[in-house]
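The structure appears below as structure tokens.
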Amino acid sequence: MKMPKNAFKAALKAKEKQIGMWVTTASPLVAELVAGAGYDWLCVDMEHSPGDVMMTMQQLQAIAPHTSAIVRPPWNDEVMVKRLLDSGAPGLLFPMVQTEAEAQAAIAATRYPPHGVRGVAGSMRGSQWGRITDYAARAAEETVVILQLETLAAMEVADQIAAVDGTDGVFFGPADIAADMGMLGQPMHADVWAKIMPVAQRLMDQGMPVGTLVTDANMAVDLLNKGFTFVAVATDAGLLAKAADGLLAQVKSGIEG
């Protein structure tokens with residue numbers, strides 16, 4: 001068995017617009033449910049969810065028949081990266097990358113020696129328990145690596161971070177950028193995007209795919225039309241909460257007396 005092509009990585013390289021969703025509930029059942037909707041990619045979040053490695057692997061198993069997945073580990077930690085890749089994560093989105101050195105460390109964690117520091121396992125899910133005969137040779141080639149910028153300081157060195165060899169995309173985190181600007185809870189504020197857009201445009205002009213997460217559909221469309229390659233448009237938990245609240249309010253509002 002040969003290692004399959006990573007469809008999401010290929011789409012990023014081709015600058016094909018990719019609409020995604022955040023998976024935060026740590027539930028394989030919910031992951032399977034949203035995966036069947038037809039989104040181009042899903043991000044299984046470990047940074048802001050109760051999920052552990054086993055839960056994450058189960059979510060990846062649920063998503064795999066339907067669409068592409070990446071995982072956001074809780075931190076830029078080479079041990080966690082090793083475990084996630086061995087568990088079959090097709091790609092990783094590294095949170096809170098602040099410097100070129102941190103970007104280099106993230107890339108190195110996904111590469112086997114002599115190009116990195118990833119430990120070599122024998123039989124594991126990532127290689128289909130050894131059945132993918134060219135896994136060691138092609139794992140780096142088919143693993144998506146996205147670096148997340150979440151502070152003003154990180155955006156000041158965005159060019160150096162994006163230039164690190166092995167970077168497949170740069171992701172902007174508006175919620176944390178807003179907080180860093182003293183605007184906690186206002187990720188959609190115009191001032192936040194006035195900081196993000198020039199940096200994003202500069203990276204796009206350099207040919208780097210850029211992405212983000214926004215929960216406003218019109219904003220998502222606007223960003224994709226302005227050159228963003230991959231945009232997540234909702235979280236599973238957010239959609240469920242909004243639908244539950246909306247339905248209850250609708251029923252209550254129609255009750256007479």
Looking at [X], I want to see if its [atom1] is surrounded by more than 12 non-hydrogen atoms of other residues, nucleotides or ligands under 6.0 Å.
X: Asp205; atom1: CG; value: yes
X: Ile19; atom1: CD1; value: no
X: Arg83; atom1: CZ; value: no
X: Leu184; atom1: CG; value: no

Identify the heavy atoms of [X] and [Y] that sit nearest to each other, and give their distance.
X: Asp168; Y: Leu12; value: O-CD1, 4.0 Å
X: Ala121; Y: Asp86; value: CB-OD2, 3.6 Å
X: Gln58; Y: Pro28; value: CB-CG, 3.6 Å
X: Tyr135; Y: Gly126; value: CE1-O, 3.2 Å
X: Glu102; Y: Met96; value: OE1-O, 3.5 Å
X: Leu203; Y: Ala158; value: CD2-O, 4.0 Å

Honestly curious: do [X] and [Y] fall in one hydrophobic cluster under the side-chain, below-4.5 Å linking rule?
X: Leu93; Y: Leu213; answer: yes
X: Leu149; Y: Val164; answer: yes
X: Val233; Y: Trp22; answer: no
X: Ile70; Y: Val145; answer: no
X: Ile146; Y: Val231; answer: no

Taking [Y]'s backbone N and O only, do any of them form a donor-acceptor pair with [X]'s side chain (distance below 3.5 Å, no angle check)?
X: Asp45; Y: Thr24; value: no
X: Lys15; Y: Gly227; value: no
X: Glu78; Y: Ala109; value: no
X: Asn76; Y: Phe94; value: no
X: Arg118; Y: Arg111; value: no
X: Thr215; Y: Ala234; value: no
X: Thr212; Y: Phe172; value: yes
X: Ser49; Y: Ala26; value: no
X: Lys5; Y: Glu142; value: no

Measure the [atom1]-[atom2] distance between [X] and [Y] for me, rounded to the nearest 0.5 Å.
X: Leu60; Y: Ser68; atom1: CG; atom2: OG; answer: 11.5 Å
X: Leu85; Y: Thr110; atom1: CG; atom2: OG1; answer: 6.5 Å
X: Gln148; Y: Glu47; atom1: CD; atom2: CD; answer: 6.5 Å
X: Leu42; Y: Phe8; atom1: CG; atom2: CZ; answer: 10.0 Å
X: Met124; Y: Ile132; atom1: CE; atom2: CD1; answer: 8.5 Å
X: Thr25; Y: Met55; atom1: OG1; atom2: CE; answer: 10.5 Å

Check this for me, if you would: do Lys17 and Asp40 make a salt bridge, where the nitrogen-to-carboxylate-oxygen distance has to be below 4.0 angstrom? no
Please determine whether a side-chain nitrogen of the Lys or Arg among Lys226 and Asp222 lies less than 4.0 Å from a carboxylate oxygen of the Asp or Glu. yes
State, with a plain yes or no, whether a side-chain heavy atom of [X] is found less than 4.5 Å away from one of [Y].
X: Leu223; Y: Trp193; result: yes
X: Glu150; Y: Asp180; result: no
X: Thr56; Y: Ser87; result: no
X: Val157; Y: Glu100; result: no
X: Met181; Y: Gln186; result: no
X: Val214; Y: Met188; result: yes
X: Ile107; Y: Thr167; result: yes
X: Lys2; Y: Thr133; result: yes

For the pair Trp41 and Phe171, evaluate ring-ring contact (aromatic ring centres under 6.0 Å, His included) and give the outcome as yes or no after the intermediate values. CA-CA 14 Å; Trp41 61 285; Phe171 185 94; 7.0 Å; no
Going through the checks in order, is the side chain to side chain contact (heavy atoms under 4.5 Å, CB included) test met by Met3 and Glu141? CA-CA 10 Å; Met3 190 165 186; Glu141 179 184 348; over 6 Å; no
